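Before any comments, here is the structure.
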Amino acid sequence: MKVYFIGAGPGDPDLITLKGKELIQNAEIIIYAGSLVNPRLLQWKKPQSRVYDSAAMTVNQVTEIYQLHCKDQGHIARLHTGDPSLYSAMGEQIRFCREKKIPFEVVPGVSSFCASAAALCTELTLPGITQSIVITRRAERTPMPEKESLEQMARSGCTLVLFLSVSMVSTAMKEIQPFYKKDTPAAVVYRASWPDQRIITGTIDTIADKMESLGIKRQSIIIIGDALNKADFDFSRLYAPDFSHQYRNAQFPNQQKGKPR
Ligand code: SAH
């Protein structure tokens with residue numbers, strides 16, 4: 001039996017990949033992280049497939065299932081929220097599969113930070129503003145490596161995406177303030193792509209209070225940076241008329257439209 005680690009997307013069941021959906025449809029066993037994965041994804045499962053909610057399980061209990069069924073026919077669909085490459089605990093499960101020679105494959109998904117950027121209708125890498133994104137979190141119960149304190153991460157001043165940090169947002173904003181202008185835009189997306197999605201916008205100075213007054217305490221992505229500014233940025237080079245690349249020759253003002261040089 002092969003284990004498929006599948007990115008289940010941020011919440012909206014339509015945001016899983018076709019491959020992920022098909023793997024749910026044919027799985028003998030489905031293990032899903034019930035705390036964040038939408039149970040509506042289970043509507044596609046075979047009636048006889050067995051379902052486990054990993055929210056109440058330890059990693060050993062999960063990997064025990066992999067081991068117990070590794071000689072069976074078919075596959076296990078292991079659904080992780082968003083994309084499994086980010087804050088998913090997939091690493092330790094893959095290590096287990098490697099050690100036990102259990103076949104596995106990873107199917108990517110739409111991360112909640114991408115769904116949040118979509119909700120904000122924002123390109124996070126705006127030309128002339130920033131071309132980089134730092135994806136990080138604050139230390140809560142999981143400690144952060146010393147070199148990755150929020151202060152260190154904020155030094156570049158690029159777009160900052162914070163996972164798992166809602167409960168400490170006011171401390172987080174204080175930590176980054178020395179590295180960003182006071183009026184740097186900040187946005188919070190609560191439950192991106194779910195029916196009760198909420199968007200809160202402000203600046204690094206105001207966002208913590210706004211979140212507190214709305215009682216937002218979990219399941220949110222925080223995005224900080226001038227990329228959230230709506231209008232003040234350059235055109236991309238890729239689509240610029242005077243820019244040639246593999247698929248298009250540059251056009252110049254006196255050149256006939258549509259005729260490459
Ligand atoms: N692998 C996931 C992240 C799992 S860690 C991904 O790629 O999205 C769990 C954290 O992800 C939450 O604390 C929250 O910060 C974020 N998160 C997950 N789903 C979310 C959603 N629908 N909207 C906003 N944030 C979400």
Side-chain angles (χ1 to χ4, degrees), residues 3-17 19-20 23 31-41 53-57 59 62 77-94 104-122 124 133-144 148 150 153 159-173 176 186-202 207-208 210-212 214-225 228:
V3 181
Y4 285 91
F5 296 99
I6 302 167
D12 178 351
D14 286 348
L15 291 178
I16 194 168
T17 60
K19 187 166 183 173
L23 286 163
I31 308 175
Y32 76 110
S35 50
L36 285 168
V37 170
N38 193 336
R40 281 181 55 208
L41 290 166
D53 178 355
S54 65
M57 297 163 78
V59 67
V62 172
R78 171 67 168 113
L79 302 178
H80 282 284
T81 182
D83 182 79
S85 68
L86 297 167
Y87 310 113
S88 65
M90 177 177 72
E92 62 212 43
Q93 298 170 70
I94 285 184
F104 63 90
E105 196 176 318
V106 181
V107 179
V110 176
S111 174
S112 57
F113 93 86
C114 299
S116 299
L120 294 163
C121 301
T122 291
L124 299 178
I133 303 168
V134 169
I135 294 174
T136 188
R137 60 172 298 175
R138 275 211 85 240
E140 287 186 31
R141 279 190 293 177
T142 303
M144 287 295 283
E148 293 176 29
L150 204 47
M153 295 291 102
T159 303
L160 199 58
V161 172
L162 298 179
F163 280 75
L164 297 152
S165 303
V166 187
S167 65
M168 301 175 99
V169 68
S170 79
T171 328
M173 293 305 113
I176 65 167
V188 171
V189 183
Y190 166 74
R191 282 172 64 82
S193 87
W194 290 78
D196 56 349
Q197 166 185 294
R198 293 181 81 168
I199 294 175
I200 302 113
T201 55
I207 199 83
K210 285 191 179 180
M211 279 176 78
E212 204 165 306
L214 291 167
I216 302 238
K217 293 204 174 76
R218 57 192 193 101
Q219 281 190 43
S220 301
I221 290 287
I222 306 167
I223 303 181
I224 290 139
L228 295 171

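Order of appearance sets the numbers: ligands from 1, and atoms from 1 within every ligand. Since we're looking at a predicted model, the values are computed, not measured. Scope of the values below: all heavy atoms of this structure, side chains included, with no hydrogens, waters or symmetry mates.
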**OP:** Using only heavy-atom distances, determine whether the side chains of R78 and S54 contain a donor-acceptor pair under 3.5 Å.
**Re:** yes
**OP:** Applying side-chain contact (heavy atoms from CB on, under 4.5 Å), name anything that partners R191, two or more places apart in sequence or on another chain.
**Re:** W194, D196, Q219
Subject >> Sorted by chain and number, the residues that approach ligand 1 to under 4.0 Å with a heavy atom >> reply: P10, L36, T81, G82, D83, L86, Y87, S111, S112, F163, L164, V189, R191, A192, W194, Q219, S220, I221
Original post:
In chain order, what residues pass the side-chain contact (heavy atoms from CB on, under 4.5 Å) check against V107, with sequence neighbours excluded?
Top reply: Y4, I6, T17, K19, L23
Original post:
Under the side-chain contact (heavy atoms from CB on, under 4.5 Å) test, which residues partner S112, sequence neighbours left out?
Top reply: P10, F163, I221
Original post:
Taking C-beta and beyond as the side chain, do M153 and M144 meet within less than 4.5 Å on heavy atoms?
Top reply: no
Original post:
Within the side chain of S165, is there an N or O that forms a donor-acceptor pair under 3.5 Å with the backbone of R138?
Top reply: yes
